[in-house]
Colleague: 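I'd like to ask some things about the structure below.
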Amino acid sequence: MDIDPWGHYFPNRQWNGEVRRRCGEIKYQLQDGTTLEIPFPADDSAPSPELDYRQWKKDAGTGEEIGPQVRVAGRIVLMRPTGKLVFLKLRDWTADIQILIGKAQVGDRDFELAGNFDLGDWIGVDGRLGRTNTGELTVFAENLHFMCKTLETPPEKYLGLTNTESRLRQRYLDLTYNEGVMDTFMARTKIVQSIRNTLTGRGYCEIEGPTLHTIAGGAAARPFMTHHNALDMPLVLRIALELHLKRLLVGGMERVFELGRVYRNEGISTRHNPEFTMMEAYEAFGNYEVMMDLTEQIVLDALAATGQSTKINWNGLPIDFTPPFQRRTYNDLFQECAQVDPEDDDAIARLAVHLGIEATGKHPDVIKSEVFEHTVEDKLAGPIFVIDYPASICPLTKRKTSNPQVAERFELFIHGMEVANAYTELNDPILQEELFRTQLEGQADEDSMAKMDTDFVLALRNGMPPAGGLGIGIDRLVMLLTDSKSIRDVVLFPLMRNQAD
RNA sequence: GGAGGCGUAGCUCAGUCGGUAGAGCAUCGGACUUUUAAUCCGUGGGUCGUGGGUUCAAGUCCCACCGCCUUCACCA
């Protein structure tokens, strides 16, 4: 075979999906020179079940279909050779399209080439768009272009690749051969793009902060540890975006956000991956009320960007995103779900013991928070903003002027999942230093907050404008908007252990 | 880390009471100019996750380990 299998250049390619949309251009030409319209809707790629295409063709008289000249490229996912004809199903990331290769039409040389095609090969085809006798939209090949060979056997043509481990370790096969996988990840990019558009549309600028930190701050999580050789300095991977974005507020970036990866050295589950994507946005002169409105807008825009209405299903459960989302105070929900007076620390401690929570030596608000997680969070079908948290569990949040025991914070819950977390940012350096110090007491060394971030306090001493701050877990939002049960379905390459030999 | 499930051909899966390792698809060879998971004829393909143990004999029973899934724990 004198065809270079690795070097064919194939410019000006049209996507298979676009080619399929052109099927309305096909004319059925009769022998007397007149033409008939093909009796299919222009956007319909499948034959109409009511119509017997063979019979229609017979009734219409002998003639031929003349479609536009098209050029397609993709991977061969199905091959049906029948003597001197070969039917292929060609797949690109927009759609599948059938190719018909006839020996008389493409010539001996290209037909010999077609005889060497394997499932999984990448090829390009020049030809005319038309319909076969059964009515299927097809490119009738005139020239073949061989692009790349696959050396591995593809998955089973009907059942696909179902083994979970193989799907994750060989995501490229999952993307190509399993229905809906590509759609989910395309939806993810649309959601991410939509979030950027929403924020930049409101005057935000996007920045890239450092991922290597000397102190892992902005959240309570165990960090991954690493080391810089030339500086002989221990470093940690960031667990949140917060503290550097606030430094930028100090510097005068009045609306700033980052959308990027954070790393937490903790357990793995259907809702946790060690590295995940977070979006944090900070708006000077805003507060948590402003951030609630922004959160709604981000979610609604993302729904629109993925072509969905405000009423969707997740995991068989309905979600109604019709704004405004419900807003309930922490204490109200506590009273309602835990059936205990949210002000009665003793009663809460008794309930904690009853629930099997270790209560001794903990701050009453910490106990309250754990009781809240046990009794309230699972019941929050949402979308619901839980607002006004106990101040002592919110070290980076501004207190209500009317009640310093309450922090201006909200979390957005949907079906028990925490999707967003936001507050009116604390910009009092004296109080911030004091709260860091309080956090230090009784905390284990590996806990990230157990280090005084004097550099951040110094930043605050230079004056941070009052601001609202918002964090959204992108992976969880994508899970909800793509009806995905597991975070592994929305992370292209989730962390896996070394493969067994 | 605890509990439960799973691991057999490239893929999807059977494998009985412990007694010669099986099927479909895919591969390879042949026939076929309108197929739709094409069809028909023929063909090759295995360290049964890894390592031990019991036994005359282990894919099967026992132990340890590796990996994946679920669930709990952990998790601002």
Side-chain angles (χ1 to χ4, degrees), chain A residues 46-47 53-54 57 65 76-89 96 98-106 111 115-116 118-120 130-138 140 150-170 173-174 177-178 217-222 239-240 242 262 264-274 276 278 356-358 365-366 369-370 372-373 377 386 389-390 392-397 407 409-411 417-418 420-423 439 447-449 471 473 485-486 488 494-501:
Chain A
Y53 192 85
R54 283 192 175 97
K57 239 183 135 171
E65 292 147 284
I76 301 170
V77 294
L78 217 51
M79 194 153 45
R80 292 183 291 271
T82 74
K84 296 184 177 61
L85 287 181
V86 181
F87 290 91
L88 300 179
K89 191 198 265 187
D96 294 344
Q98 179 167 269
I99 311 294
L100 175 54
I101 303 168
K103 188 174 186 184
Q105 288 72 41
V106 298
F111 198 74
N116 288 300
D118 286 313
L119 291 176
R131 289 194 183 271
T132 58
N133 286 347
T134 53
E136 178 159 349
L137 189 70
T138 300
F140 290 77
T150 176
L151 302 179
E152 298 285 333
T153 316
E156 214 271 349
K157 65 182 176 187
Y158 187 60
L159 298 159
L161 187 71
T162 60
N163 179 274
T164 311
E165 186 172 355
S166 305
R167 291 180 53 199
L168 297 180
R169 290 194 192 276
Q170 294 185 278
L173 295 178
D174 194 29
Y177 292 103
N178 287 326
R222 288 206 284 178
I239 58 170
E242 175 148 355
V262 298
R264 297 187 181 178
N265 205 339
E266 287 164 0
I268 295 173
S269 78
T270 50
R271 292 180 307 284
H272 300 82
N273 194 56
F276 60 100
M278 186 95 114
I357 297 165
E358 180 56 54
D365 281 343
V366 173
S369 164
E370 289 180 17
F372 187 90
E373 282 165 23
E377 288 189 3
V386 179
Y389 278 65
S392 54
I393 59 169
C394 309
L396 298 160
T397 312
R409 172 184 180 185
F410 75 78
E411 291 193 320
M417 249 193 321
E418 181 198 332
N421 181 17
Y423 26 87
Q439 286 278 311
D447 282 350
S448 62
M449 296 298 276
K485 284 185 183 62
S486 167
R488 294 181 207 98
L495 185 68
M496 304 281 276
R497 285 181 200 267
N498 286 336
Q499 193 155 20
D501 292 324

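Lettering of chains follows the sequences in order, A, B, ..., and the numbering in each one begins at 1.
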Colleague: Please report the distance separating the C1' of B:G18 from the corresponding atom of B:G53, rounded so that it comes out in whole Å.
Modeller: 15 Å

Colleague: Where the side chain of A:E156 meets the backbone of A:L159, is there a donor-acceptor pair that is under 3.5 Å apart?
Modeller: yes

Colleague: Picking from B:U70, B:A76, B:A38, which would you name as closest to the side chain of A:A220?
Modeller: B:A76

Colleague: Considering Watson-Crick and G-U wobble pairs with both distances under 3.5 Å, what does B:U16 pair with?
Modeller: none

Colleague: Within the structure provided, determine whether A:K157 and A:L78 are in side-chain contact (heavy-atom separation under 4.5 Å).
Modeller: yes

Colleague: So what's B:G10 paired with, Watson-Crick or G-U wobble, going by both distances under 3.5 Å?
Modeller: B:C25

Colleague: Show the numbers, then the answer: is there a side chain to side chain contact (heavy atoms under 4.5 Å, CB included) between A:R488 and A:R167?
Modeller: CA-CA 10 Å; A:R488 294 181 207 98; A:R167 291 180 53 199; over 6 Å; no

Colleague: Any idea which of B:C28, B:U12, B:A76 is nearest the A:L161 side chain?
Modeller: B:U12

Colleague: If I pick the P atom on B:C40 and the same atom on B:G4, what distance separates them, to the nearest angstrom?
Modeller: 47 Å

Colleague: Just to confirm, is there a sub-4.0 Å distance from OP1 or OP2 of B:U34 to any side-chain nitrogen or oxygen of A:R131?
Modeller: no

Colleague: Looking across every strand, which nucleic acid part, if any, lies under 4.0 Å from A:S269 by heavy atom: base, sugar-phosphate, or nothing?
Modeller: nothing

Colleague: Counting heavy atoms from C-beta on, name the nucleotide in B:C28, B:G67, B:A26 closest to the side chain of A:L119.
Modeller: B:A26

Colleague: Closer than 3.5 angstrom, by distance alone: can the side chain of A:T138 be matched with the main-chain N or O of A:F140 as a donor-acceptor pair?
Modeller: no

Colleague: Please pick, from B:A76, B:U70, B:U33, the nucleotide with the shortest atom-to-atom distance to any side-chain atom of A:R488.
Modeller: B:U70

Colleague: For B:C63 versus B:C74, give the span between their P atoms, rounded off to a whole number of Å.
Modeller: 30 Å

Colleague: In whole angstrom, give me the gap between the P atoms of B:G59 and B:U47.
Modeller: 13 Å

Colleague: Between B:U70, B:U34, B:A38, which nucleotide gets closest to the side-chain atoms of A:F87?
Modeller: B:U34

Colleague: Pick the P atom in B:U16 and in B:U33, then give their distance to the nearest Å.
Modeller: 46 Å

Colleague: Of the nucleotides B:G67, B:A37, B:C75, which has the atom closest to the A:Y158 side chain?
Modeller: B:A37

Colleague: On a whole-Å scale, what distance lies between the C1' atoms belonging to B:A26 and B:A37?
Modeller: 12 Å

Colleague: Applying a 3.5 Å limit to both distances, which nucleotide forms a Watson-Crick or G-U wobble pair with B:G51?
Modeller: B:C63

Colleague: Could you please spell out the steps behind the side chain to side chain contact (heavy atoms under 4.5 Å, CB included) verdict for A:F111 and A:V86?
Modeller: CA-CA 9 Å; A:F111 198 74; A:V86 181; 4.0 Å; yes

Colleague: Which whole-number value in Å describes the distance from A:N178 CG to B:C11 P?
Modeller: 13 Å

Colleague: On RNA chain B, check which nucleotide each of A:D118 and A:L85 is closest to and give me the residue with the more 5' one.
Modeller: A:D118

Colleague: Evaluate the criterion side chain to side chain contact (heavy atoms under 4.5 Å, CB included) for residue pair A:E370 and A:I393; output intermediate values, then yes/no.
Modeller: CA-CA 11 Å; A:E370 289 180 17; A:I393 59 169; over 6 Å; no

Colleague: When the P atoms of B:A58 and B:G52 are considered, how many whole Å apart are they?
Modeller: 13 Å

Colleague: Tell me the interatomic distance from A:R271, atom CZ, to B:U71, atom C1', rounded to whole angstroms.
Modeller: 11 Å

Colleague: Provide, to the nearest angstrom, the distance between the CG atom belonging to A:L88 and the P atom belonging to B:A37.
Modeller: 15 Å

Colleague: Looking only at side-chain N and O atoms, does A:R497 come under 4.0 Å of OP1 or OP2 in B:C68?
Modeller: yes

Colleague: Mind checking A:E152 for me? I need base, sugar-phosphate or nothing, with any heavy atom below 4.0 Å counting as a touch.
Modeller: nothing

Colleague: Side chain of A:F140: nearest nucleotide among B:A38, B:C69, B:U34?
Modeller: B:U34

Colleague: Picking from B:U34, B:A37, B:A76, which would you name as closest to the side chain of A:T132?
Modeller: B:U34

Colleague: Counting side-chain heavy atoms from CB outward, which of B:U33, B:C69, B:A76 is closest to A:K84?
Modeller: B:U33

Colleague: Side-chain contact, heavy-atom cut-off 4.5 Å: A:Y177 with A:P154?
Modeller: yes

Colleague: What's the CD-P distance between A:E242 and B:A76, to the nearest Å?
Modeller: 14 Å

Colleague: How close or far is atom C1' of B:C74 from atom NE2 of A:H272, stated in whole angstroms?
Modeller: 9 Å

Colleague: For B:A26, does OP1 or OP2 lie under 4.0 Å from any side-chain N or O of A:K157?
Modeller: yes

Colleague: Hunt down the Watson-Crick or G-U wobble partner of B:A38, both distances under 3.5 Å, from any strand shown, or write none.
Modeller: none

Colleague: Heavy atoms under 4.0 Å, any strand shown: does A:Q98 hit a base, just sugar-phosphate, or nothing?
Modeller: base

Colleague: Using the side-chain hydrogen bond (donor to acceptor under 3.5 Å, both in side chains) definition, which of the options A:R271, A:H272, A:E266 pairs with A:S269?
Modeller: A:H272

Colleague: Is the backbone of A:R131 close enough, under 3.5 Å, to the side chain of A:E65 for a donor and an acceptor to pair up by distance?
Modeller: yes

Colleague: For B:G1, give its Watson-Crick or G-U wobble partner with both distances under 3.5 Å, or none.
Modeller: B:C72

Colleague: How long is the line joining CZ of A:R167 and C1' of B:G10, in whole Å?
Modeller: 18 Å

Colleague: Given B:A76, B:U34, B:C68, which nucleotide is nearest the side-chain atoms of A:T164?
Modeller: B:C68

Colleague: Between B:C48 and B:U8, how far apart are the two P atoms, rounded to whole Å?
Modeller: 11 Å

Colleague: Any side-chain N or O of A:T162 below 4.0 angstrom from OP1/OP2 of B:U12?
Modeller: yes

Colleague: Reading RNA chain B from 5' onward, which residue's closest nucleotide shows up sooner: A:R409 or A:T153?
Modeller: A:T153

Colleague: Would you mind reading off the distance between A:E156 atom CD and B:C13 atom P, rounded to a whole angstrom?
Modeller: 10 Å

Colleague: Would you classify A:A240 as touching base, sugar-phosphate or nothing, given that sugar-phosphate means primed atoms plus P, OP1 and OP2, and contacts are heavy atoms under 4.0 Å?
Modeller: nothing

Colleague: Between B:A37 atom P and A:K89 atom NZ, what is the distance in whole Å?
Modeller: 8 Å

